[in-house]
Amino acid sequence: MPAKPISRRSFLKSSSTLAKGSFIALTAPAILAACRQAEENIGSTEPSFSTLTEIEGKELRAIAARIVPTDETPGAEEAGVIYFIDAVLGDNAEKEYGQVRSALREIQAESGIKFGASYFFELTAEQQDQVLTDIETTPFFATIRYLTIAGMFSLPEYGGNKDKIGYKLIGFNDAHAWSAPYGFYDADYALKGE
Amino acid sequence: MAQAPFSTRDTVDFIVVGSGAAGGIMAKELSTAGFSVVVLEQGPYLKAGDFKHDEWGYDHNEDLTWGARQGHPQTFRKSESDVAELSAKASLGYAHNVGGSSVHFSGNFWRLREIDFIEASVKGSIAGTNFVDWPITYSDLEPYYTKVDWEIGVSGLQGPWDPPRSREYPCPPMPIKSPGVLLERAGKQLGLNPYPAPVAILSQPHNGRPGCIHCGFCNGFGCEVDAKSSSMATMMPIALGTGNCELRTGCTVHRVNTDEAGKASEVVYWDESGVEHAQKARAVVLSANGAETPRLLLLSESAQHPDGLANSSGYVGKNLMFNGYSSVAGLFDEPVNGHKSIPATRVIHDFYELSSELGFYGGGGIDSRHLSRGTPMGFALGGSHFGGPKWGSEYKRNLEREFTHSAAFDGHTTSLPLSSNNVSLDPDVVDKWGRPALRCTYMDHPDDIATMKFFYDKSLELMEAAGAKRTTGFYPENGQDGNVHLLGTCRMGNDSASSVVNKFNRAHDVSNLFMVDGSSLVTSGRGQPTMTIMALAFRAADNIIQAANRGEI
């Protein structure tokens with residue numbers, strides 16, 4: 001019996017929803033090692049990954065940097081999200097890592113077909129956005145979006161929210177105690193004696 | 001009498017399976033009355049110092065709630081004609097730790113009202129449902145609600161619609177937050193009666209525990225200062241202090257055995273290392289929650305009990321009720337900062353009973369919250385909440401505004417009891433112990449969905465009255481695919497043909513077996529069941545102690 005032909009876009013096959021298609025369903029909590037890895041790597045010109053190859057690291061880093069870009073404020077790049085992704089994909093996630101690798105190869109092929117580049121990370125930001133927009137309903141994109149955002153907004157000790165960059169972006173102060181007034185409206189309520 | 005710890009060779013007075021909202025109370029009440037008690041709990045004994053603001057750990061890895069990763073897969077289907085599919089996250093959610101879900105719940109603590117107990121006879125039966133009156137009334141339960149208020153610790157202020165109470169709240173209401181102000185002002189503008197939400201979170205020190213420090217991580221998290229009134233923080237320390245109670249953590253019960261007379265005689269469980277033990281007892285209390293209690297009864301089938309233990313009615317696992325919900329979020333000009341302090345500080349209960357002129361049965365309440373529980377990771381994954389791109393610079397701009405400037409008005413509503421909504425044993429999927437997995441079959445009744453839509457529409461109206469610049473919202477119009485309110489699966493009743501336990505939570509079929517948790521609720525209430533689960537536990541314990549002292553167990 002002939003082997004079932006593998007569709008070129010099998011790993012980038014569209015799913016109906018953006019958020020629910022992530023294929024990272026299971027990981028163990030042992031990714032605290034990511035913290036140390038991230039600490040060692042941030043600012044380094046030759047970052048090292050525990051799971052990803054150098055090229056995979058560059059590709060995923062480039063994708064994360066389009067999901068939460070660096071503009072007037074820091075983004076996924078400065079938060080060190082790539083080290084969180086590296087740790088998660090290395091943590092009992094062989095199947096998911098394999099899917100990510102396959103999808104990256106497809107994205108590289110797309111980058112070549114559309115823009116004549118060997119790698120996604122070599123494209124301009126506009127070209128990268130074009131490639132990502134084409135695949136934004138795929139499980140692969142949902143997965144990398146999920147990991148980028150989860151890394152950036154989870155506890156800094158997981159390695160992807162360096163210097164609480166994610167928290168600062170949205171105005172979340174992780175003080176462990178607050179007292180009233182908490183916001184404008186309750187301050188106003190107290191002032192008016194309602 | 002022997003002192004704890006006990007040997008499995010001892011026949012203890014009571015085994016309590018589960019240490020959650022109800023189990024903790026049973027352990028405390030029975031042990032302080034002088035009975036020997038062994039509590040078997042699947043999870044670990046986590047305490048205030050063990051909890052963190054760890055969304056990745058709790059939400060993604062399910063460190064507290066456990067799922068397939070921890071070896072506890074569940075399956076779900078809408079209808080009995082479907083083959084259930086593996087759920088990505090537990091459909092029947094609960095926390096696996098001492099204190100159960102009373103540790104990580106939001107703390108909202110509504111009493112039922114007089115109408116909840118007699119609603120079927122007042123409103124009339126509903127074809128195709130098992131909607132009936134309770135065998136008890138509000139006045140039977142009121143003393144125990146008050147006992148919960150004072151022994152557990154509840155903060156609140158008697159509201160305009162609240163049923164009579166025999167004693168004031170022990171703690172004043174929590175300070176109002178901006179989402180509460182927005183709901184209160186909007187409600188008043190629409191001629192409604194918003195008032196402080198009652199919560200099982202201390203606004204000031206009570207019973208040796210400190211008041212809340214308003215860190216904002218209640219819903220889904222364990223309290224880091226013991227201000228949340230969980231069984232773990234309130235009941236278990238007293239139970240263990242009596243010397244009559246032994247808590248065995250990491251112990252998974254898989255069977256209740258009966259003797260020739262048909263009475264429960266021993267409970268069989270695996271300890272953390274997988275070694276099987278059998279503990280003998282004079283009576284057994286199942287407080288494993290509305291999913292695990294029926295599962296355990298179904299797993300305890302025998303020649304004597306071919307359809308599962310205590311299941312001559314066929315109602316074990318049936319009538320599963322969740323409570324419905326709706327959520328409407330609004331974006332405001334000024335900082336709301338709903339992520340600070342407790343989830344809800346104001347509630348509107350003017351729609352507790354919807355008019356029958358609407359053409360469907362239902363009712364509920366609306367409270368005010370942050371749109372994502374106030375947690376950064378869950379919030380950011382959901383952005384842009386009010387429309388717009390889900391990644392890129394514009395997404396980032398939206399996040400910056402939405403987190404601090406939004407509020408949500410959430411509806412909490414009735415669920416009707418149906419035989420076709422149930423907990424059963426999956427025929428294909430097994431858990432890490434080799435037991436059939438929990439299978440949930442659930443589709444909201446059309447009236448439940450109509451009720452959710454009513455609360456969605458009403459919340460939208462309130463949000464607009466509150467002055468929201470943009471709004472968004474959701475209700476499960478195609479039915480829910482899971483919940484954390486696990487109710488009705490061993491319902492209480494006087495008729496042994498149509499209920500599983502009697503009005504004191506004793507199994508109709510097995511005279512020394514008691515089911516005390518969300519499973520005994522006859523109707524769903526309007527959305528915050530833990531207060532009632534705890535009151536029923538105090539009442540059951542009171543009657544069990546009296547019966548035991550008369551030699552009637």
Side-chain angles (χ1 to χ4, degrees), chain A residues 18-20 22 24-29 31 63 66-73 75 84 88 92 129 132-133 136 141-142 144-146 148-155 157-158 160-161 166-167 169-190 194, chain B residues 52-57 59-61 63 67-69 88-89 175-182 184-185 213-217 224-225 332-341 345 374-383 389-393 395-397 399-405 407 466:
Chain A
L18 180 65
K20 287 184 176 171
S22 166
I24 297 291
L26 306 173
T27 64
I31 66 164
I63 296 171
R66 295 319 302 153
I67 292 169
V68 186
T70 303
D71 42 31
E72 304 91 88
T73 50
F84 176 86
V88 171
N92 287 318
D129 283 355
L132 294 179
T133 301
E136 71 173 350
F141 184 79
I144 303 307
R145 177 185 181 273
Y146 180 85
T148 299
I149 296 168
M152 184 144 177
F153 295 97
S154 54
L155 286 179
E157 65 201 68
Y158 285 117
N161 186 6
Y167 290 171
L169 175 69
I170 58 171
F172 171 70
N173 179 338
D174 63 337
H176 280 229
W178 295 105
S179 56
Y182 311 108
F184 170 85
Y185 300 95
D186 56 288
D188 183 57
Y189 183 92
E194 284 179 60
Chain B
K52 297 164 90 174
H53 292 177
D54 185 1
E55 279 186 277
W56 178 259
D59 284 355
H60 179 86
N61 287 325
D63 287 348
R69 188 179 72 78
K89 293 241 175 185
I176 192 168
K177 296 175 26 168
S178 285
V181 171
L182 293 166
E184 181 172 315
R185 288 175 173 171
I213 58 170
H214 312 281
C215 80
F217 283 73
E224 294 166 31
V225 298
F332 292 87
D333 285 335
E334 303 291 345
V336 175
N337 294 335
H339 58 287
K340 299 178 184 178
S341 195
T345 58
T375 53
M377 184 183 112
F379 159 79
L381 286 167
K390 295 289 186 185
W391 55 281
S393 278
Y395 160 75
K396 215 176 142 192
R397 293 292 87 74
L399 292 188
E400 287 168 358
R401 180 164 171 78
E402 290 172 359
F403 187 74
T404 47
H405 286 65

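Just so it is clear: chains get the letters A, B, ... in the order the sequence lines come, proteins before strands, and each one is counted from 1. The model shown is predicted, which means the values in this text are computed figures rather than measured ones.
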Please flag which part of E400(B) lies under 4.5 Å from any non-hydrogen atom of chain A: side chain, backbone, both or neither.
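E400(B) touches chain A through backbone and side-chain heavy atoms alike.
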Tell me, out of [options], who's got the most heavy-atom pairs with chain B below 4.5 Å.
options	answer
D129(A), V68(A), T73(A)	T73(A)
W178(A), F153(A), F184(A)	W178(A)
L169(A), L155(A), I149(A), I170(A)	I170(A)

Gap between atom OG1 of T404(B) and atom CZ of F332(B) - 0.5 Å precision:
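If we round to the nearest 0.5 Å, F332(B):CZ and T404(B):OG1 are 13.0 Å apart.
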Spacing of CD belonging to E334(B) relative to CG belonging to L182(B), to within rounding of 0.5 Å:
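So the gap between those two atoms works out to 11.0 Å.
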Do V88(A) and W56(B) make a side-chain contact, defined as non-hydrogen atoms from C-beta onward lying under 4.5 Å apart?
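Of all side-chain heavy-atom pairs linking W56(B) with V88(A), at least one is under 4.5 Å.
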Electrostatic pair [X]:[Y] at N-O distance under 4.0 angstrom:
X	Y	answer
E136(A)	K390(B)	no
R397(B)	E72(A)	yes
R185(B)	D188(A)	yes

Looking only at heavy atoms and a cut-off of under 4.5 Å, which of [options] has the most pairs with chain A?
options	result
P179(B), S341(B), G216(B), P175(B)	S341(B)
P376(B), C215(B), G383(B), G378(B)	P376(B)
D54(B), N337(B), V336(B), L399(B)	D54(B)
R401(B), H339(B), E55(B)	H339(B)
M377(B), K340(B), E402(B)	K340(B)
H214(B), E184(B), K177(B)	H214(B)

Any idea how H53(B) and F217(B) line up, ring-wise: parallel (<30°), tilted (30 to 60°), or perpendicular (>60°)?
parallel
Under 4.5 Å from any heavy atom of chain B - which part of [X]:
X	value
Y182(A)	both
T148(A)	neither
I67(A)	both
N161(A)	neither

Residues which pass ring-ring contact (aromatic ring centres under 6.0 Å, His included) with H405(B), listed by chain and number, not counting sequence neighbours:
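Counting only residues at least two positions away or on another chain, H405(B) forms no ring-ring contact (aromatic ring centres under 6.0 Å, His included).
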Mind jotting down which residue pairs meet the salt bridge (Lys or Arg N to Asp or Glu O under 4.0 Å) criterion with at least one end in residues 169-178 of chain A? Sequence neighbours excluded, please.
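The answer is K164(A)-D174(A).
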